[in-house]
Structure formats: structure tokens, C-alpha cells
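These notes concern the structure reproduced below.
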Amino acid sequence: MDKQEQDRLKKEAAEKAAAAVKSGMILGVGTGSTVAFFIDALGKRKNEDGLKLKAVVTTSNRSKKQLEGLGFKVSELADIDQADLTVDGADWVADNLDGIKGGGGALTLEKNVAINSKRIIWIVDESKLVHRLSGFPLPVEVLPISCEQNFKRFKQEGLKPQWRMDGDKRYITHYGNYIIDLAADPVPAPHGLADYLDHTVGVVEHGLFLDMCDEVIIAHSDGTIEDKKINEYIKNHFFYTSKNLSKRT
């Protein structure tokens, strides 16, 4: 599939996500090539349908500039209580809609916007789909003051840590921290690993987005657009957790 066809499919998936946005919403907007098409679709709805949003928050300066260029006012996350809907991309999505994010380095802001959203939609192409989380390094944002100790502990745990680099220097996040990418593949026991990282001093945030996504809109290479919802997965697999039932309520 050439880039022109891939972009066409991404645009269709993005337009489907944009159709879920209603006037009066507080909207969270992520970043990435597919999200850029989503923002364009929002601009089209603004001009043609009179779409008016109560507030918009985003996870990157790139998306902020694109939204403002289309006439949307972008607020800070601290200025809102909770987003009604957040639309974003993902680096990797498993069958149960768990995902890995943070390949672009913005995992902390992405996680904060996500956890403060009532509903989350991811838009991806089929290359991002896996049966279980694997094939993509797991980003972990760490404080510089204790990053060496974190790196050593991750190595001792067999998580295959690697420094995220920017040329010949360590990559620095928006918040002035470093990123350690964990190359253990597949991700061992995602919920257990997430709990371990959540309780590791010096870890700011990690890229495991578990029990968060409600819907994934997938652009397939055969030209079809698939809409996969977590409620359908639970029904089909008789799977649920108390976290699923109580999240973001």
C-alpha cells in the first residue's frame, strides 16, 4: 500500500472519529499523522456544521498550532475538570484495546489527558495492531536525579533498558526528564509491570495505557474501516475487571 492510499484510509478513520464529536463538548486531542487528519475534519465540521466546542486541550504543540489555525481556542489541562472525549493515536494496540503510547516522547501529558477523559477513541492503521503488547519499546519517563539507579534496576529485572537518544545526547522531555525505553518483548504481564513502574521511585510515567481506551477506529489496507469497541470485546470474551467498570466515573 502506497502512502497516498494509506493517507486516504487514515483520513476516513479520522473523519469517522470526528463524527463522534458533539457541540458543547470538552475535547481532548492527541497528536500524530492520523490525528492531523482528525483535526482537519474538525475544522470542516466547524465550517460546515457550526461545530462549537466548550474547550479543547491537546497533547502537543503541533496539534495546538493546527487547532488554533482552524479557529479553535486551546486550553490547558489544568483549566478544565474533565474532557468528555479524547481522540488520539497509539503506537501499539492489543486485542483487548490495551495500548502502548509515548513513542513521540509526550507520554506524561498523553496519560494525564487520557485519565481525565470520560471516553477515549484511538485512531490507527492496521500496522499498529497486535494480539498482545509486543514489538515496540515501552517508554518510561524518569527523573534525572535518580535515572541511573532506575536504569540499573530495570536491567537487573531483565527489562532490557535503553536510553532514548536525541543525536548523541539523551532525549529530554517537555518536563525536563529522560526516557528509558524498555525493550523486553513481549511486554511481560502488562498489569504487573505497570504496577511495578507505578511504585518505582523516580519514574514519572510509563507508556502502558491499560483499561483506558473505549473504542479503536482502524484503517485496514483492504480499504475497510473497522470500529472496535471495548464493550463488544468484553461481551465476546467474558472479560471484565472492577477497573473497567469504575474507570473515569
Side-chain angles (χ1 to χ4, degrees), residues 1-91 93 97 99 101 104 106 109-110 112-129 209 212-232 248:
M1 181 173 54
D2 60 23
K3 185 179 185 303
Q4 184 176 1
E5 177 65 11
Q6 187 178 37
D7 285 348
R8 184 186 68 80
L9 292 173
K10 287 182 178 181
K11 184 178 179 181
E12 287 187 19
E15 289 175 345
K16 184 174 180 62
V21 179
K22 308 299 181 186
S23 284
M25 276 186 167
I26 297 176
L27 181 67
V29 179
T31 191
S33 60
T34 309
V35 174
F37 286 118
F38 168 73
I39 296 173
D40 285 340
L42 287 180
K44 183 178 179 181
R45 287 202 56 205
K46 180 176 182 289
N47 293 331
E48 296 181 359
D49 304 332
L51 177 68
K52 294 182 180 180
L53 299 173
K54 184 176 181 180
V56 184
V57 296
T58 186
T59 65
S60 75
N61 287 329
R62 181 171 59 181
S63 291
K64 179 180 179 181
K65 290 178 181 178
Q66 187 181 358
L67 284 159
E68 289 177 338
L70 293 170
F72 292 101
K73 182 181 178 181
V74 179
S75 303
E76 297 294 330
L77 180 60
D79 295 331
I80 69 167
D81 179 31
Q82 195 175 37
D84 297 297
L85 170 67
T86 289
V87 177
D88 203 350
D91 297 311
V93 183
L97 275 58
K101 290 176 51 60
L109 184 51
E110 290 173 340
N112 275 272
V113 171
I115 204 68
N116 289 293
S117 301
K118 296 177 183 177
R119 183 176 170 222
I120 295 172
I121 296 176
W122 288 340
I123 42 179
V124 300
D125 63 65
E126 66 177 14
S127 68
K128 305 297 179 70
L129 304 179
F209 284 61
M212 290 186 180
C213 183
D214 299 286
E215 182 177 354
V216 179
I217 298 175
I218 306 158
H220 287 281
S221 59
D222 63 2
T224 60
I225 303 296
E226 180 184 2
D227 191 352
K228 191 173 183 180
K229 298 180 180 179
I230 189 62
N231 289 341
E232 294 170 359
R248 302 190 302 277

Taking every non-hydrogen atom, the tightest pair across [X] and [Y]:
{"X": "V93", "Y": "V124", "result": "CG2-CG1, 4.3 Å"}
{"X": "L85", "Y": "M25", "result": "CB-SD, 4.2 Å"}
{"X": "F209", "Y": "A114", "result": "CE2-CB, 4.0 Å"}
{"X": "F72", "Y": "L42", "result": "CZ-O, 3.7 Å"}
{"X": "A90", "Y": "K128", "result": "O-NZ, 3.4 Å"}
{"X": "G28", "Y": "A83", "result": "N-CB, 4.1 Å"}

I would like to know whether L97 and K228 meet side-chain contact (heavy atoms from CB on, under 4.5 Å); could you show each step before the answer? CA-CA 8 Å; L97 275 58; K228 191 173 183 180; 3.9 Å; yes
With heavy-atom distances below 4.5 Å as the criterion, would you say the side chains of I80 and V57 are in contact? yes
Do the side chains of L9 and D125 get nearer than 4.5 Å, heavy atoms only? no
Passes side-chain contact (heavy atoms from CB on, under 4.5 Å), I230 versus V216? Steps please. CA-CA 8 Å; I230 189 62; V216 179; over 6 Å; no
Working to the nearest 0.5 Å, report the span between [atom1] of [X] and [atom2] of [Y].
{"X": "I217", "Y": "W122", "atom1": "CD1", "atom2": "CH2", "result": "13.0 Å"}
{"X": "T58", "Y": "I39", "atom1": "OG1", "atom2": "CD1", "result": "6.0 Å"}
{"X": "I26", "Y": "N116", "atom1": "CD1", "atom2": "CG", "result": "11.0 Å"}

Decide whether T86 and D88 meet the rule of one side-chain donor and one side-chain acceptor closer than 3.5 Å. no
Does either side chain, that of E126 or that of S221, offer a donor lying less than 3.5 Å from an acceptor on the other one? yes
Between D84 and K118, is the closest basic N to carboxylate O distance under 4.0 Å? yes
Would you mind listing every salt bridge (charged side-chain N to carboxylate O under 4.0 Å, His left out) that reaches into residues 37-65, with sequence neighbours excluded? R45-D49
Any pair with a residue in residues 13-37 that passes salt bridge (charged side-chain N to carboxylate O under 4.0 Å, His left out), sequence neighbours left out, goes on the list, sorted by first then second residue, please. K16-D227
Any donor-acceptor pair under 3.5 Å from [X] side chain to [Y] backbone:
{"X": "T34", "Y": "K10", "value": "no"}
{"X": "S60", "Y": "S63", "value": "yes"}
{"X": "K101", "Y": "G89", "value": "yes"}
{"X": "E226", "Y": "A219", "value": "no"}
{"X": "S117", "Y": "V113", "value": "yes"}

Looking at F37, does the NZ or CZ of K11 lie under 6.0 angstrom from its six-membered ring centre and within 45 degrees of the ring axis? no
For L77 and D79, what are the C-alpha separation, side-chain angles and deciding distance, and is it a side-chain contact (heavy atoms from CB on, under 4.5 Å)? CA-CA 5 Å; L77 180 60; D79 295 331; over 6 Å; no
